[in-house]
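Report on one structure; see the data block that follows.
Per chain, numbering begins at 1; letters A, B, ... match sequence-line order. Just so it is clear, the structure is predicted and the values come from calculations on it, not from any experiment.
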Amino acid sequence: MRWIRFAVLVLLASVLQAGLMGMLSLGRPDIKPNLLLILLVFFASRCNATDAVITSFAIGFIADLVNPIRNVMGPRILSYGLFGTLLFDVQRVFSLRRPLYQGVAIFVVGSLTALVSYLLASLRTDGGQTNLLAQCLWQPLYSGILGPLLSLPVGWWMHMNKNSRHPYGRWPGPRR
Amino acid sequence: MRRKKINLSRGMLFTWGTLLGLVFLFAVPQRVCNRLQLTYAGVFRWPLAMGRSATLAARHPVPTGSASSKEYEQLLSNHRQLQNKMANLQAALQDVQQRNEQLAKLRGKPGWENVELRQARIIAMPDAAQTQLFINRGSEDNVAKGQLVVSLGDRDEIEGSCVIGTVSDVAAGTAKIHLITDQGSRIFVSVGNVNVRGIMEGRGDGTARITMINREHAISKGDPVYTEKQAGLDVPVITARVTSCEVDRENPFFWDIRVKPIYDVAALSEVVVVASASRPQ
């Protein structure tokens with residue numbers, strides 16, 4: 001795992017998410033693609049077991065920093081870490097390198113992380129308004145459509161495209 | 001010196017990550033989280049500001065001509081203010097149009113074509129007994145003491161507009177209306193057949209009483225009560241209906257007629273003052 005490249009990529013994604021993703025919003029300001037969610041699914045499906053866990057929690061931390069739910073940090077660290085780790089197990093059964101599966105995975109993980117993050121944030125504070133429909137449905141759907149398109153440049157940057165011996169088949173699993 | 005590789009199992013990493021999340025969620029004070037977010041925003045303020053500007057530029061139309069961004073913001077602000085003013089004017093216009101339609105309906109009735117009318121809005125309900133009202137027209141609008149006040153009804157039937165009282169006091173911009181049920185109110189009326197004339201006196205309890213009508217006239221419950229023709233108003237206007245008709249105990253040659261107004265005071269919002277029909281008190 002190239003951690004410096006990973007750090008640059010995640011920071012770049014966070015800046016783009018905070019600054020430029022508003023340009024791609026559809027109808028409402030909160031219906032926009034979630035780049036960090038796309039990266040979460042990408043790394044959880046392409047890294048080995050330990051790296052998948054580390055990248056999931058790290059991306060969750062950045063997501064909490066950039067766009068905290070109800071101004072609380074922690075919910076996304078937990079939800080991204082949990083579902084990123086689970087996704088690594090799932091990709092042993094379903095190849096998440098197929099664009100369709102990847103899109104579906106982004107949508108499902110996005111919905112679940114948004115819901116769990118909202119519930120966790122509710123434990124700390126009960127103030128503020130959150131548009132659950134946009135967070136749990138429209139944003140993951142938008143990200144799921146856009147996500148597979150970004151996997152190629154991200155894979156190129158992380159030098160992960162060449163690792164794939166079976167780009168449309170089952171991945172043999174992490175090397176020990 | 002050889003670098004020692006740290007081997008951590010997946011489960012251990014997950015536990016540490018979860019603990020980190022729980023610490024941030026429950027143990028780390030809010031100000032520390034705010035500090036972290038501020039630090040991030042400070043470090044990346046330049047790309048974040050650029051992204052924000054680009055997003056705003058993409059959402060708003062690009063200014064044309066040689067106007068600077070400050071002038072453009074000013075123009076946008078003026079545009080919003082003008083839109084608000086326009087919305088208020090449109091609402092006022094709709095209100096005036098609605099009033100004109102009501103007045104046109106009233107003028108469309110026979111006898112009302114040449115009557116000079118002053119439309120007024122009721123501005124207060126001064127007493128609990130609901131025997132007096134205030135309107136937003138006064139001497140500046142040619143409203144004078146003694147003029148008849150008619151309710152504005154939405155319906156086309158005869159009860160749509162009825163006399164509710166007379167102007168009792170006038171100020172520059174407001175006037176007080178004596179309702180027909182107010183104690184001390186006295187109006188010349190006709191009952192049923194317009195040739196049967198009498199005097200209607202308010203009783204102060206939401207009803208009125210008509211005296212001086214000879215028993216030779218047949219009066220029955222439900223008969224309409226009209227105000228007499230007045231100068232400028234050459235048509236009788238309904239004001240009440242008979243609720244009971246008995247022999248007057250003090251003067252057995254006359255009827256003691258009790259009437260109830262057909263208007264609902266609580267539902268009144270607009271009235272019309274018959275400006276040319278001034279009645280001596």
*Within residues 72-79 of chain A, which positions have a heavy-atom distance to chain B below 4.5 Å?*
V72(A), M73(A), G74(A), P75(A), I77(A), L78(A)

*A49(A) versus R10(B), closest heavy-atom pair with distance*: CB-CD, 3.7 Å

*Non-hydrogen atoms of chain B under 4.5 Å away: do they reach the side chain of V15(A), the backbone, both or neither?*
both

*Do other residues, nucleotides or ligands put more than 12 heavy atoms under 6.0 Å from W3(A) CH2?*
yes

*How about Q37(B) and V66(A): do any of their side-chain heavy atoms sit closer than 4.5 Å?*
no

*Where do L11(A) and F44(B) come nearest, in terms of heavy atoms and distance?*
CD2-CZ, 3.8 Å

*Looking at residues at least two apart in the chain, or sitting in another chain, which of them share a salt bridge (charged side-chain N to carboxylate O under 4.0 Å, His left out) with D141(B)?*
R137(B)

*Who wins among T39(B), V23(B), T18(B) for the most heavy-atom pairs under 4.5 Å with chain A?*
T18(B)

*Around I4(A), counting heavy atoms of other residues, nucleotides and ligands shown, do more than 12 lie under 6.0 Å from its CD1?*
no

*Toward chain A, the part of V28(B) with a non-hydrogen atom under 4.5 Å*: backbone

*Hey, is OH on Y40(B) packed in by over 12 heavy atoms from elsewhere, all under 6.0 Å?*
yes

_chain B contact residues among residues 56-65 of chain A, heavy-atom distance under 4.5 Å_ = F57(A), F61(A), D64(A), L65(A)

*Is it the backbone or the side chain of F26(B) that comes under 4.5 Å from a heavy atom of chain A, or both, or neither?*
both

*Using non-hydrogen atoms and a 4.5 Å limit, figure out which bit of L24(A) sits close to chain B: side chain, backbone, both or neither.*
neither

*How many angstroms lie between CD1 in I54(A) and CG in L13(B), if you round to the nearest 0.5 Å?*
4.5 Å

_Residue list, side chain to side chain donor-acceptor pair (under 3.5 Å) with E140(B), at least two apart or on another chain_ = none

